[in-house]
Amino acid sequence: MPNKEIPYKIYLEESELPKQWYNVRADMKNKPAPLLNPETLKPMTFEDLRPVFCDELVRQELDDTTAYFDIPEEIQNFYKMYRPSPLVRAYCLEKQLDTPAKIYYKFEGNNTSGSHKLNSAIAQAYYAKKQGLKGVTTETGAGQWGTALSMACSYFGLDCNVYMVKCSYEQKPFRREVMRTYGATVTPSPSDTTKVGRKILEEFPGTSGSLGCAISEAVEAATTREGYRYVLGSVLSQVMLHQSIIGLETKTALDKYDVHPDIIIGCAGGGSNLGGLISPFMGEKLRGEHDYRFIAVEPASCPSFTRGKYAYDFCDTGMVCPLAKMYTLGSGFIPSASHAGGLRYHGMSSILSQLYDDKLMEAVSVEQTSVFKAAVQFARIEGILPAPESSHAIRVAIDEALKCKETGEEKTILFGLTGTGYFDLTAYQKYNDGIMTDYIPTDEDLEKGFAGLPKVE
Ligand SMILES: *Cc1c(COP(=O)(O)O)cnc(C)c1O
């Protein structure tokens with residue numbers, strides 16, 4: 001029914017919620033390259049990965065042929081408490097921009113953790129519990145992942161140990177308290193609770209820590225204790241599988257009104273929200289059923305797609321994790337202290353990397369101040385205070401809508417609004433005070449990161 005009036009918010013009944021996740025790898029002709037064992041350079045096997053991740057999650061990680069995975073009923077029930085997430089027609093923004101474009105956004109900030117990360121956290125906690133484990137360990141930088149995981153673990157009665165980069169631990173005390181309120185132990189990293197942490201502290205006393213170091217500590221804490229596993233909030237294919245819930249709900253809702261987006265936009269840190277949003281649409285494109293334009297938006301300060309290399313690299317600075325083939329800036333690349341903490345990762349999902357390399361997806365990079373300009377514009381007209389990460393997608397959605405105004409084209413634009421910005425008010429303060437800066441790495445800066453790429457192939 002193409003002429004049905006489209007409401008501000010498109011609802012789904014509980015009975016319409018997805019009962020399976022979709023694995024886009026099943027429809028890819030060129031599969032993403034396998035994870036490699038850093039010692040043997042052979043593809044990681046089930047047995048290689050078992051000491052680090054839960055069995056069921058290893059199966060999902062290694063499976064690139066099964067298109068649909070049943071969502072266990074316990075996870076479906078948890079999803080029902082905060083899903084479907086709102087799919088909003090941005091009528092107010094369209095009117096303000098005076099554009100013929102039709103803009104939709106899928107809002108994932110509608111839960112206490114404030115982002116889409118809960119969609120995968122609950123799945124990973126469920127499989128850990130089902131395997132009879134005592135608990136899980138992880139790292140967190142800006143804190144969104146740690147918060148989501150602590151919520152998921154408290155729901156299933158699992159112990160949750162979060163290694164939080166020391167400077168964030170000190171600068172974001174409120175995030176830390178949310179995690180502790182949900183029962184997680186939060187340790188500033190580097191710490192004296194692990195061998196690798198003690199070593200780093202000895203070498204660099206007074207260091208404020210890094211994500212790479214926190215990963216190394218979390219992996220050690222998981223693999224040296226009985227009944228613990230390590231979990232990761234992005235980049236991995238299993239995470240993108242869980243995040244397909246975003247795209248599946250969106251597609252079900254839009255199909256009810258026979259709406260087909262022309263352009264689908266999302267911010268890209270490790271690629272999980274963007275991958276999750278586009279998955280079912282990309283599936284149609286891969287099967288030749290429908291065409292879409294997909295745009296990944298990354299910060300100019302950490303441009304993995306637009307200026308990175310497609311190569312095997314370490315997933316962490318400590319070089320303990322498997323090698324993944326991805327668009328990367330090198331695991332030694334340290335992006336400048338931008339305010340979109342969730343987008344400061346050197347690499348990118350290997351699924352999205354392959355799709356980008358096959359020209360099935362586009363990427364653009366945007367500068368911080370123009371991102372905050374879009375964030376404030378959006379907040380003032382659509383009401384939601386967006387996370388800095390999410391605002392990268394807003395920036396490009398607005399830019400595309402303004403192009404439509406020039407050409408008169410009535411394109412339909414869909415973007416992912418991944419979360420809220422309540423814990424990012426220091427960044428907003430800088431913007432409001434007019435002292436926010438843009439840092440773009442020089443080619444020389446990038447060369448330093450590329451020089452550290454492992455020699456594979
Ligand atoms: C973590 C995070 C991101 C980036 O992670 P992806 O894996 O690329 O999705 C984006 N937005 C928010 C709000 C986040 O917390």
Side-chain angles (χ1 to χ4, degrees), residues 85 105-121 124 138-151 165 168 172 175 178-179 211 231-247 264-279 294-299 301-305 308 315 324 326-328 335 338-353 355-356 361 363 365-366 371 375 378 384-396 415-424 427:
S85 68
Y105 59 89
K106 180 74 166 161
F107 177 49
E108 292 291 322
N110 211 16
N111 67 75
T112 295
S113 80
S115 82
H116 64 286
K117 293 201 171 70
L118 190 57
N119 301 332
S120 182
Q124 298 195 44
T138 199
E139 75 291 333
T140 200
Q144 288 100 317
W145 168 244
T147 311
L149 189 68
S150 55
M151 286 176 71
V165 178
S168 307
K172 296 201 166 186
R175 275 248 176 244
V178 181
M179 288 185 253
L211 207 52
V231 294
L232 191 62
S234 181
V235 189
L236 296 174
S237 301
Q238 55 182 280
V239 180
M240 197 165 132
L241 174 73
H242 308 145
Q243 296 296 357
S244 70
I245 188 88
I246 305 172
I264 305 180
I265 301 165
C267 64
S272 73
N273 87 81
L274 172 67
L277 174 66
I278 69 174
S279 275
F294 302 105
I295 308 177
V297 189
E298 55 186 18
S301 57
C302 191
S304 322
F305 271 135
C315 295
M326 53 188 178
Y327 275 86
T328 180
S338 101
H339 292 293
L343 305 182
R344 290 181 76 224
Y345 184 66
H346 66 275
M348 189 55 69
S349 139
S350 51
I351 300 177
L352 291 188
S353 293
L355 292 168
Y356 180 66
M361 196 178 83
S365 73
V366 289
V371 165
F378 182 83
I384 296 169
L385 182 75
E389 292 89 350
S390 324
S391 306
H392 287 67
I394 299 175
R395 170 76 274 156
V396 173
F415 72 92
L417 188 67
T418 50
T420 47
Y422 303 122
F423 290 104
D424 302 284

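From a predicted model like this one, the values you see are computed outputs, not experimental measurements. Note that these values count all heavy atoms, side chains included, but never hydrogens, waters or copies made by symmetry. Numbering of ligands and ligand atoms starts at 1, following listing order.
The distance criterion of under 3.5 Å between nitrogen or oxygen atoms is met by G270 with respect to ligand 1. Considering both main-chain and side-chain atoms, G271 comes within under 3.5 Å of ligand 1 through a nitrogen or oxygen pair. Residue Q144 has at least one N or O atom closer than 3.5 Å to an N or O atom of ligand 1.
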Practice prompt. Evaluate the side-chain contact (heavy atoms from CB on, under 4.5 Å) criterion for residues F294 and L355: first the C-alpha distance (whole Å), next the side-chain angles of each, then the deciding distance (0.1 Å), finally the verdict.
Written response: CA-CA 10 Å; F294 302 105; L355 292 168; over 6 Å; no

Item to complete: Apply the test side chain to side chain donor-acceptor pair (under 3.5 Å) to residues E108 and N119: give CA-CA distance (whole Å), side-chain angles for both, the deciding distance (0.1 Å), then the verdict.
Response: CA-CA 9 Å; E108 292 291 322; N119 301 332; 3.2 Å; yes

Practice prompt. Check step by step if side-chain contact (heavy atoms from CB on, under 4.5 Å) holds for Q243 and L277.
Written response: CA-CA 7 Å; Q243 296 296 357; L277 174 66; over 6 Å; no

Item to complete: Show your reasoning for whether side-chain contact (heavy atoms from CB on, under 4.5 Å) applies to Y356 and L352.
Response: CA-CA 6 Å; Y356 180 66; L352 291 188; 6.0 Å; no

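Residue G269 approaches ligand 1 through these ligand atoms, each under 4.0 Å from one of its heavy atoms: 8 (O). Listed by number with element, the atoms of ligand 1 under 4.0 angstrom from any heavy atom of C267 are 10 (C).
What sits closest to atom 7 (O) of ligand 1 on the protein, heavy atoms only, is S234 OG, 2.5 Å. With respect to atom 1 (C) of ligand 1, the closest heavy atom belonging to the protein is K117 NZ, 1.4 Å. For atom 13 (C) of ligand 1, the nearest non-hydrogen atom of the protein is T418 OG1, 3.3 Å. Of the protein's non-hydrogen atoms, G342 O, 3.4 Å is the one closest to atom 4 (C) of ligand 1.
A donor-acceptor contact shorter than 3.5 Å is absent between the side chain of Y345 and the backbone of C302. Between the side chain of N273 and the backbone N or O of C267 there is at least one donor-acceptor pair closer than 3.5 Å. Side-chain atoms of S115 come within 3.5 Å of backbone atoms of K117 as a donor-acceptor pair (strictly under, hydrogens ignored). Of the possible donor and acceptor atoms, none in the side chain of K106 sits under 3.5 Å from a partner among the backbone N and O of G247.
Looking at L343 against ligand 1, only its side chain comes within 4.0 Å, counting heavy atoms. Using a 4.0 Å cut-off between heavy atoms, E108 makes no contact with ligand 1 at all. Looking at S115 against ligand 1, only its side chain comes within 4.0 Å, counting heavy atoms. The side chain of H116, and not its backbone, has at least one atom closer than 4.0 Å to an atom of ligand 1 (non-hydrogen atoms only; side chain from C-beta on).
Between the side chains of T418 and S390, a donor-acceptor pair is found at a separation under 3.5 Å.
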